[in-house]
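This is a predicted model, so every value here is computed, not measured.
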Amino acid sequence: MAETKGKFDFAIDRGGTFTDVFARCPDGREKVLKLLSHDPQNYKDAPTEGIRRVLEEETGRVMPRDQPLDSSLIGWIRMGTTVATNALLERQGERTALLVTRGFRDLLHIGTQARPRLFDLEVSMPEVLYEEVIEVDERVVLHQEGCQVPGREPNRIVTGSTGDALEVWREVDLQRVERDLRGVLSRGITSLAVLLLHSYTWSEHEQVVGSLARRLGFTQVSLSSEVMPMIRAVPRGYTVCADAYLTPKIRQYLRGFTSGFRGGLKDVNVLFMQSDGGLTPMDQFCGSRAVLSGPAGGVVGYAITSYSQAEKKPVIGFDMGGTSTDVSRYAGQYEHVFEASTAGITLQAPQLDINTVAAGGGSRLFFRSGLFVVGPESAGAHPGPACYRKGGPLTVTDANLALGRLFPSFFPRIFGPGEDEPLSTEDTMKRFRQLTREINHFLSTGQSHTFSSRGGQSNSGNAQGSKSEMSVEEVAMGFIRVANETMCRPIRALTQAKGHDTSQHVLACFGGAAGQHACAIARALGMKTVFIHKYSGVLSAYGLALADVVEEVQEPCSLQYEPRSFRELDSRVEQLTLHCQETLRASGFSSSQISTEVFFHLRYEGTDCALMVTAAGHPSNAHSCRSGDFRTAFTKRYLKEFGFTIPDRPIMVDDIRVRGSGKSGIMSVTRTRMVHGPPRPVKVTQCYFDDGYLDTNVYLWEELSCDHSIRGPAIIIDKNSTILVEPCCVAQMTAGGDVCIAVGADQLCVLGTELNTVQLSIFSHRFMSIAEQMGRVLQRTSISTNIKERLDFSCAVFGPDGGLVSNAPHIPVHLGAMQETVQYQIRAIGNDLKEGDVILSNHPSAGGSHLPDLTVITPVFRKGVSGPIFFVASRGHHADIGGITPGSMPPHSTSLQQEGAVFTSFKLVTGGVFQEEEVTAALLAPAQYPGCSGTRNLHDNLSDLRAQVAANQRGSQLVGELIDCYGLEVVQAYMGYIQSNAELAVRDMLKEFARRRRQQRGSLEVEAEDQMDDGTQIKLRIQINEEEGSAVFDFSGTGTEVWGNCNAPRAITLSALIYCLRCMVGQDIPLNQGCLTPIKVIIPPGSILQPSQSAAVVGGNVLTSQRVVDVIFRAFEVCAASQGCMNNVSFGSDRGGYYETVAGGAGAGPGWHGRSGVHSHMTNTRITDPEILEKRYPVVLEQFSLRPGSGGEGRYRGGDGVVRKLLFRDKVVLSVLTERRSTRPYGLHGGEPGAPGLNLLQRVDSRVLSLGSKTTVNLEAGDMFCLYTPGGGGYGKEEEDQEDGNGSPPIKRRRPCETFPERGSVFEFRRVQESV
């Protein structure tokens, strides 16, 4: 692609609020400007207006806004845009219909079946992108040797692009499809998304339907086999819907943009940035690859300007804007993800791994129950922060203004109702003074007594010691420190998740707000260098000018990476490479400008953890394919990320990807400015830091020279950003005019044991970060699918008394249960615990939930202290620990021994030595019982136990570092304060409930009961003390221990109780021991909720726990019952087994309808994708859809359950463990109950049998299991116009628009882990 000499070149980033323009003039000069993206009173389109202003200023010619611009002056235009992102967020795309295989009309509504926010009773999920569904009567299934369903002989057998054989069971009924398509067209819908099962490998049916739709007049037809041919129907379906929904809007925008130029930019090279960081021609820019178009430019910008090929020091990109902050990493190669969610839609397309967290300049500030909280709610552009003069709330921007770090005189006068006033320091300080009074009132009254009684022992009753009040500046500074810690957590997670040391990175800052926080964040992370480019305020636009044009192609594969596959792999790579090269040549690139890179999507056989691997640095050899030594590249990266390899396991190639690049980025001309003498400040101001107000020099960036060095504290200002150089930091101007800051060590913090509310918030983040980092180590070093890929584990930190301090993530059934386990060991072993010991436990009477959940506990000692100073623990679900059935979750067990190996207080490590022989014998011990086996996967058990020990060691190390910094007394004091914060939030909730209850009913005693399908009662009576904010939960009268496995250990009831309390509190609080401090729990021994030591309990964990939640919510009258079941289904044979839990209906509540087809309460597991299920197991999924009418009627309807039909292709043993088959999920306040579930078996001879709620049955090929899950209960009578007066607590509901949707690999990790 030739240079455009003598013309103007433009790179433009059109953001949600501002549009940034980088222009290169014909003489090589560079210009930047920023303008509002929406200003309809002055111009129609911001990018066009930006171009017009530059051309008019540089040429001296008047160019009226109402006339097209002269495009002959323009060489090229490159753009990034949030048009697609905004359309997705606001659901303003094209009207779209979905055409899908029959039986799957609700597949994308159900999705993974997991709810997005664990503790929101109103399950609020973004709506699907289509408004009509057409079901196509066609079916294609993968051929499986030896599997044949009677009466389902294929019409033909075909070969897919992966090499797999497929059976065509039903051809497309084109006549019916045409009739349905015409009906959709008649209703004004002209955009169509097509998703047919297994079309990723065989697309003929999609192609036929697509051709018909185009012929009929659909203007946009998106086929899933073309948009992204990767296995897994759900994310591919979301992606194709996004493409059909967004592409017409992009085309509409492009038509409007080009109409602003003469000739419609026909002779101008116009390129758009895609989500993967590459540019593409305007006519190829499509919706599914446009969602990260804006942020991608910033990643390219900092990657090219900040990364040194010589030093090879990795860079963290830190882009802090008004609503959110984007965090990413670059170490010589762009880091991509191939499946990520934006606005609730999972897109299966190459995307830069940009992690968005809800912490920006507009993040709101709260003081809740003694805790400083920043976000995730944002003030948005309207009303904006308090200083915008529109009555907005306090935000991070206000805190910076209050501390003297922002100067209203340097901001344009665009604020206030008339948008003609400066920033208002007065409004900010008024709000801060009000908030400071509230905080000081809290500290000076009895509300803080909870903290002082629990915290440091040296505290003499005054929670603030000698310091009775906080100043406005201390409050503002506190919020800044909490905001910084909020942004540090995803950076730690992003680096440590892949085995990188956070401190060994450079922090590259851009975006309007990043420079104010850069030094503090770098220091907190141990980074020594901050780099801020001269165009940091418009770096996304500048990155567009530096970017390459990219052509990517990808196709699925099912080959093993081995010598006999190399010829086919080489051939397919060659074809894809040729396609990329030809496409780029057609765009004007010469061969010398084109480079290609080959990627294989590789995984070990039998695992789901695939890595997209390049062979760069690993040239081909005699034992590899021609594109490089992918085996070595894969094993090295796997070892780096996960800490081990599986040498004897075959490596599978899931996809082949080729990325072609046309080198077209400009080379920025360095403008070195030399000024003799020291830098001269334009003013000296008073700026507030930890040590109080300090004299702070203020410099204008444009007046600084490349030889200037500026020692902090100082502020550097340019027209687009403000940089704060903190004390102990030195800013050096580079030859290119950039700022490089050397970050000095922080002064040693001196902190007493008395409560400091700011430090309380910091410690809350730090304790959570420790638990999160433990989880990352466990995930990296474990080997089993359950822990490594399903992330079915929790890690936690405990105080010296065994009380839970922090737990990550919040898997409901683990909440509070691990605390019982740790405290049991303290009672049972006590003084016998020695340094170097590690305890293993899973027994229900010792705080266990069910036997596969193995808890590893490490007591931590410190020199000079006699006993453990704290504990760390990790609980992981092991796939098998023996018993009567594979998977150790038998539906028909009657004693604990039948469920697997049992550990009460087993010393897994003694004196630092892993007791392999002893634990192996214990894991194999169940074989001594009739009908039982020892563990069936000893190798994975031992590997995962070692990983749990390693995770605990990491936690111990991190808490040790915290103690080294603050001292043991201080850390233990703040452990107590964190627990007090949760206690106070629960007490406040109980007081509010008691107040409402007393006013409306007069009684502070509530009760409820429900029953299991076998008639066993679960009764609860709650007595509330309004003055103390405490309660007694008395389960007396609950039924006795049962014959079967629905017995629930005490720890399960406590977990359900903490879950319910957190839901009713309605805000983020630390989930720890403090939640239960105001609660006294009475459970009768020998009951189903506290069974004998030998009782079977596997069903109690997955079924009875749900009923306990139902009873608690019924007592508080919070919402109607959800499905009250996890619908456990498993099947298997000698060749392997499969287990799943299935969604149902959620209960309705005051102000909301129940969500249909979603998991609720104590479970949140994802369901296996239909295409993966059919590829790996001898089963065909005939139907997976909603069950209309199963939700209870009422003013607010309960959610519908689902219908799931499994047709078996071989002999298997089916096990079903379910509830709510004879009892119905209750409605509330006149709402109707939901429909009960139903388990049917349709035999191959057409007989239909009811299986009951719990059974095991032998199936033949052709048998079909039909699961109908319960619906949720309704709320309120249908004729009511308003809610009746009742004592239910007001649930704090989170509206979808209140928080910025997070995204990126860190968010996906947490989301998957909360979906367990």
Side-chain angles (χ1 to χ4, degrees), residues 316 318-327 355-368 370-380 384-387 392-406 428 431-432 435-436 439 470 472-494 507 509-525 527 530 687-690 721-724 726 743 746 749 756-769 772 1067-1068 1070 1298-1300 1302 1306:
I316 292 292
F318 177 66
D319 177 9
M320 185 176 178
T323 305
S324 61
T325 295
D326 287 341
V327 174
N355 291 268
T356 300
V357 292
S363 293
R364 295 180 60 184
L365 312 181
F366 304 95
F367 184 75
R368 292 172 175 159
L371 206 63
F372 279 59
V373 179
V374 177
E377 296 87 351
S378 173
C387 59
L394 283 175
T395 66
V396 173
T397 296
D398 291 298
N400 279 310
L401 182 62
L403 297 174
R405 301 176 176 192
L406 294 176
T428 290
R431 288 295 188 95
F432 262 117
L435 180 58
T436 301
I439 293 172
M470 296 183 72
V472 168
E473 291 82 3
E474 286 171 329
V475 169
M477 188 69 190
F479 280 113
I480 292 295
R481 295 179 64 188
V482 173
N484 290 341
E485 186 60 34
T486 302
M487 291 180 281
C488 284
R489 275 174 63 183
I491 296 176
R492 290 192 190 102
L494 181 66
L507 189 66
C509 295
F510 56 107
Q516 298 155 40
H517 299 259
C519 290
I521 286 174
R523 180 180 284 146
L525 295 169
M527 297 177 177
V530 172
C687 196
Y688 191 89
F689 296 94
D690 287 333
S721 58
T722 298
I723 301 169
L724 178 68
E726 296 205 355
V743 180
D746 200 0
C749 43
N756 178 307
T757 50
V758 175
Q759 285 293 341
L760 176 64
S761 302
I762 301 295
F763 270 101
S764 178
H765 280 285
R766 293 296 292 273
F767 286 136
M768 274 302 295
S769 183
E772 288 169 352
Q1067 64 189 38
D1068 291 332
E1298 283 185 346
T1299 59
F1300 189 89
E1302 297 181 76
V1306 174

About how many Å separate [atom2] of [Y] and [atom1] of [X], when rounded to the nearest 0.5 Å?
X    : Y    : atom1 : atom2 : value
N355 : D326 : CG    : CG    : 8.5 Å
E485 : S764 : CD    : OG    : 9.5 Å
I316 : L525 : CD1   : CG    : 8.5 Å
L401 : T428 : CG    : OG1   : 4.5 Å
L394 : F366 : CG    : CZ    : 10.0 Å
C488 : H517 : SG    : NE2   : 11.5 Å

Nearest heavy-atom pair of [X] and [Y]: which atoms, and what distance?
X    : Y    : result
P393 : G384 : CD-O, 3.5 Å
V530 : A518 : CG1-CB, 3.7 Å
C687 : G404 : SG-O, 3.8 Å
A520 : N484 : CB-ND2, 3.3 Å
A402 : A476 : CB-CB, 4.1 Å
R368 : V373 : NH1-CG1, 4.0 Å

Using modelled atom types only, decide if a donor and an acceptor are shared between the side chain of [X] and the backbone of [Y] within a distance under 3.5 Å.
X    : Y    : answer
R405 : Y688 : yes
T436 : F432 : yes
D398 : C387 : yes
R431 : G392 : yes

Could you go step by step and tell me if R523 and E726 meet the salt bridge (charged side-chain N to carboxylate O under 4.0 Å, His left out) rule? CA-CA 10 Å; R523 180 180 284 146; E726 296 205 355; 3.4 Å; yes

Chi angles and distances behind the side chain to side chain contact (heavy atoms under 4.5 Å, CB included) call for Q516, L406: CA-CA 9 Å; Q516 298 155 40; L406 294 176; 3.5 Å; yes

Between R481 and E474, does the salt bridge (charged side-chain N to carboxylate O under 4.0 Å, His left out) criterion hold? Intermediate values first, please. CA-CA 10 Å; R481 295 179 64 188; E474 286 171 329; over 6 Å; no

Just by distance, with hydrogens left out, do N400 and T397 show a side-chain donor and acceptor under 3.5 Å apart?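 There is no such pair (donor and acceptor under 3.5 Å, judged by atom type) between the side chains of N400 and T397.
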
In sequence, state the C-alpha distance, the side-chain angles, and the governing distance for V374 and L365, and then conclude on side chain to side chain contact (heavy atoms under 4.5 Å, CB included). CA-CA 5 Å; V374 177; L365 312 181; 4.0 Å; yes

Parallel, tilted or perpendicular for F479 and F372, by the 30°/60° rule? tilted

Do V396 and M487 pass the side chain to side chain contact (heavy atoms under 4.5 Å, CB included) test, and can you show the C-alpha distance, the side-chain angles, and the key distance before you say yes or no? CA-CA 12 Å; V396 173; M487 291 180 281; over 6 Å; no

Audit row: M527, I521, side chain to side chain contact (heavy atoms under 4.5 Å, CB included) steps and yes/no: CA-CA 8 Å; M527 297 177 177; I521 286 174; over 6 Å; no

